[in-house]
Amino acid sequence: MLLDTRLEYLIISADWYDSTDTFRVLTSRHGNAVVETYAGSAPQVWRITPSGKVKNAGREETYLSYDPNRNVRLHTSTTPTTEWFIQDVGDVNGKMSFIPKSDASVCVRCPYPSNFVECEEPGIGGASHWFVVDAKKYKIHVESGGDLDVRMM
């Protein structure tokens, strides 16, 4: 899948989806990278820059960053940010791995049932995959029971 730097994306945890069939998206919350149920808010939407930086669409200009302690955090545009290899996994269209260019031995992951995003070696505890989908192609309907029905527009 070729990512377009002009588009905004939802980044959905494949670990969560494979374990629970729930639609949990990468989100910026209080300087942390977490997954939460999709609600259509700006902190849940991301852009990919030409250099491979992952930029949040929320009010503050923040980027997904990695440090040598395998922590994934969000940093403002005034601090150094991580460039990522975003690799197509190939078994499903839009399924990707996020690998920091500074450490190709790890991938971004949010293992079920955790809500916090981290970097781990790909073989530890299962998949390290994410579904990357065009945010504008999806519409969310929250039904009275709280169930999500995500449909392509």
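- Looking only at side-chain heavy atoms (C-beta outward), Y112 and T20 come within less than 4.5 Å of each other.
- Note on L7: it clusters hydrophobically with F98, by side-chain heavy-atom contacts below 4.5 Å among ILVMFWY residues.
- Of the inter-residue distances, the one linking H129 atom NE2 with Q87 atom CD reads 9.5 Å to the nearest 0.5 angstrom.
- Here the closest non-hydrogen pair linking L74 and S28 is CD1-OG, 3.1 Å.
- In this structure the side chain of S128 never reaches within 4.5 angstrom of the side chain of M96, judged on heavy atoms.
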Problem set entry | Y66 vs D103, side-chain hydrogen bond (donor to acceptor under 3.5 Å, both in side chains): CA-CA, chis, key distance, verdict | CA-CA 9 Å; Y66 167 78; D103 184 358; 2.7 Å; yes
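- Put simply, the side chain of E120 does not reach to within 4.5 Å of the side chain of R70, judged on heavy atoms.
- Note that the CZ atom of F116 and the CZ atom of R73 stand 9.0 Å from one another [nearest 0.5 Å].
- Judged by distance alone, the side chain of Q44 and the main-chain N or O of A39 form a donor-acceptor pair under 3.5 Å.
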Exercise. Can you list the steps and then say if T82 with K101 is a side-chain contact (heavy atoms from CB on, under 4.5 Å)?
Worked result: CA-CA 7 Å; T82 302; K101 288 183 179 180; over 6 Å; no
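- Side-chain atoms of D67 come within 3.5 Å of backbone atoms of N69 as a donor-acceptor pair (strictly under, hydrogens ignored).
- Heavy-atom minimum distance, W84 versus S65: CZ2-C, 4.1 Å.
- Residue P100 comes nearest to V106 through the heavy atom pair CD-O, 3.5 Å, listed as atom of the first residue, atom of the second, then distance.
- A donor-acceptor contact shorter than 3.5 Å is absent between the side chain of N32 and the backbone of V34.
- Counting only distance, with no hydrogens or angles, the side chain of W130 and the backbone of C110 share no donor-acceptor pair below 3.5 Å.
- The two residues C107 and I99 have their closest heavy-atom pair at SG-CG1, 3.7 Å.
- You'll find the side chain of V117 reaches within 4.5 Å of the side chain of V35, heavy atoms only.
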Problem set entry | Derivation of the side-chain contact (heavy atoms from CB on, under 4.5 Å) call for K55 and T62 | CA-CA 6 Å; K55 180 181 183 236; T62 57; over 6 Å; no
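- A salt bridge is defined here as a Lys NZ or Arg NE, NH1 or NH2 lying under 4.0 Å from an Asp or Glu carboxylate O, and D4 with R6 meets this definition.
- In summary, the side chains of Y63 and N56 do not present any donor paired with an acceptor at a separation below 3.5 Å, with no hydrogens or angles considered.
- Partner of Y38 under the ring pair (Phe, Tyr, Trp, His ring centres under 6.0 Å) criterion, chosen from W16, Y17, F131, F23: F23.
- D15 pairs in a salt bridge (charged side-chain N to carboxylate O under 4.0 Å, His left out) with only one of the listed residues (R24, K95, R109), which is R109.
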Problem set entry | side-chain contact (heavy atoms from CB on, under 4.5 Å) between I12 and V133, worked out | CA-CA 8 Å; I12 303 161; V133 297; 3.8 Å; yes
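- Using a 4.5 Å heavy-atom threshold, the side chains of V25 and I11 count as separate.
- Taking each heavy atom of L64 and A33 in turn, the nearest pair found is CD1-CB, 3.8 Å.
- In terms of heavy atoms, I86 sits closest to V54 at CD1-CG2, 4.4 Å.
- Counting heavy atoms from C-beta outward, V132 and L3 have side chains that approach closer than 4.5 Å.
- Taking NZ of K53 as the reference point, atom OG1 of T5 lies at 14.0 Å (rounded to 0.5 Å).
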